[in-house]
Amino acid sequence: MSDKSSSIPESKTVQQHLANERTFLAWVRTGIAMAGIGFLAAGFGFNASVYDRIAHLAAIITGITSLFGGISIIGFSAVAYHRKRTQINEQTFQATTGLITFLSLLLLVIGFALAVLLYVLLFPA
């Protein structure tokens, strides 16, 4: 049963709620892809024939950062979804940039670790 105490019935904000749900699902896909990058990077490192310490370290950093980053993105997006749902119902929506900033910094760390990993694998010492 819907909440009758809100100032605007949910039926008048259906478009916003559906957009919020699509955004949440996009963040979930991003989180899953981020975790997948970690497994891919770990696979590159452990399958290398010429394997050294830097490649191993880069594979571990990339894998762990990607896995925890993906899980964090899914968790943060769930919190953001529920916060936006409440804000839409109360007509007090304010866009936030926290999740975008977190994802950007995380991608920079993962990208750097992947670059080091690929460099070491392509040009072994």
Nearest 0.5 Å, please: how far is [atom2] in [Y] from [atom1] in [X]?
X: Thr65; Y: Ile110; atom1: OG1; atom2: CD1; value: 6.0 Å
X: Ile88; Y: Asn20; atom1: CD1; atom2: CG; value: 4.5 Å
X: Thr30; Y: Leu99; atom1: OG1; atom2: CG; value: 9.0 Å
X: Leu67; Y: Thr62; atom1: CG; atom2: OG1; value: 12.5 Å
X: Gln16; Y: Gln91; atom1: CD; atom2: CD; value: 9.0 Å
X: Thr13; Y: Arg85; atom1: OG1; atom2: CZ; value: 8.5 Å

Under 3.5 Å, is there a donor-acceptor pair between the side chain of Ser77 and the main chain of Ile74? yes

Where does the angle between the aromatic ring planes of Phe76 and Phe102 fall among parallel (under 30°), tilted (30 to 60°) and perpendicular (over 60°)?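 Taking Phe102 first and then Phe76, their aromatic rings stand perpendicular (interplane angle over 60°).
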
If two hydrophobic side chains count as joined below 4.5 Å and joins carry through other members, does [X] share a cluster with [Y]?
X: Leu108; Y: Ile64; answer: no
X: Ile100; Y: Leu105; answer: no
X: Phe93; Y: Tyr81; answer: no
X: Ile32; Y: Leu25; answer: yes
X: Leu103; Y: Val28; answer: no

Closest heavy-atom pair and its distance - [X], [Y]:
X: Gly70; Y: Met34; result: N-CG, 3.7 Å
X: Ile61; Y: Ala113; result: CG2-CB, 4.1 Å
X: Gln87; Y: Gln94; result: OE1-N, 3.5 Å

Apply side-chain contact (heavy atoms from CB on, under 4.5 Å) to Thr97 and list each qualifying residue two or more places apart in sequence or on a separate chain.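 Checked Thr97 against side-chain contact (heavy atoms from CB on, under 4.5 Å); matches are Thr101.
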
